[in-house]
Amino acid sequence: MTGFLGITPDEFVKQYTDPRWLINEKLLLRHQGSDGCVFLAVQGREALCSIHTARPDACRAWIPAFTRRECAAGLGKIWRLTVAESGTLCGEEHDKKAFLDYLKSIAE
């Protein structure tokens with residue numbers, strides 16, 4: 001990833017990792033407040049990974065789901081929606097439609 005970013009490994013550790021987490025020589029990417037990963041670029045209603053092509057294996061294995069705390073938080077913050085225990089989207093009809101239209105647009 002350092003090659004993708006054009007920085008040295010030491011610069012990467014200093015700029016992008018949380019110094020409090022060094023477990024078995026593994027690093028944790030810093031978070032930017034409530035917006036998540038330091039590489040997550042929030043633009044309007046989209047949250048995009050700014051290093052998607054070079055993302056770490058842990059990110060490649062991550063699967064979004066309404067049951068994930070961070071997904072539910074983003075759904076509420078960005079789309080003003082919640083998910084019932086049954087898995088049904090809850091909120092204003094125009095917000096649900098906008099979200100579902102967005103999902104269709106990125107699946108194509």
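The figures here come from the full heavy-atom set of this structure, side chains too, leaving out hydrogens, waters and symmetry mates.
The side chain to side chain contact (heavy atoms under 4.5 Å, CB included) search around Pro19 returns none, not counting sequence neighbours. With sequence neighbours excluded, no residue satisfies side chain to side chain donor-acceptor pair (under 3.5 Å) with Arg45. With sequence neighbours excluded, the residues that form a side chain to side chain contact (heavy atoms under 4.5 Å, CB included) with Ala65 are Thr67, Arg68.
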Are Ser50 and Phe39 close enough, and set up right, to give a side chain to side chain contact (heavy atoms under 4.5 Å, CB included), and what steps lead you there? CA-CA 5 Å; Ser50 62; Phe39 293 110; 3.6 Å; yes
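In this structure, CD on Glu46 lies 7.5 Å from CD1 on Ile106, to the nearest 0.5 angstrom. Note that CH2 of Trp79 is 9.0 Å distant from CG of Leu100, once rounded to the nearest 0.5 Å.
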Residues 1-12, side-chain donor-acceptor partners within the protein, below 3.5 Å, at least two apart:
unit_1, atom_1, unit_2, atom_2, d
Thr8, OG1, Glu11, N, 3.1
Thr8, OG1, Glu11, OE1, 3.3
Glu11, OE1, Thr8, N, 2.8

Run the side-chain donor-acceptor check on residues 53-60: report pairs under 3.5 Å with partners two or more places apart or on a different chain.
unit_1, atom_1, unit_2, atom_2, d
Arg55, NH1, His52, O, 2.6
Arg55, NH1, His52, NE2, 3.2
Arg60, NE, Arg55, O, 3.2
Arg60, NH2, Thr53, O, 3.1

Just list the side-chain donor-acceptor pairs under 3.5 Å for residues 82-90, sequence neighbours left out, or say none.
unit_1, atom_1, unit_2, atom_2, d
Ser86, OG, Thr88, OG1, 3.0

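Clustering ILVMFWY residues whenever any of their side-chain heavy atoms sit less than 4.5 angstrom apart, transitively, puts Leu48 in a cluster other than the one holding Leu75.
Across His94, Glu92, Glu93, a single residue satisfies side-chain hydrogen bond (donor to acceptor under 3.5 Å, both in side chains) together with Lys96, and that is Glu93.
Here the closest heavy-atom approach between residue Gly44 and residue Ile78 is recorded as O-CG2, 4.1 Å. Closest of all the heavy-atom pairs between Leu81 and Gly91 is CD2-CA, 3.8 Å.
The shortest distance between side-chain heavy atoms of Cys49 and Ile51 falls below 4.5 Å.
For the residue pair Trp62 and Glu70, a side-chain donor N or O sits within less than 3.5 Å of a side-chain acceptor on the partner.
Asp18 has no carboxylate O lying under 4.0 Å from a charged side-chain N of Arg30, or vice versa, which leaves the two without a salt bridge.
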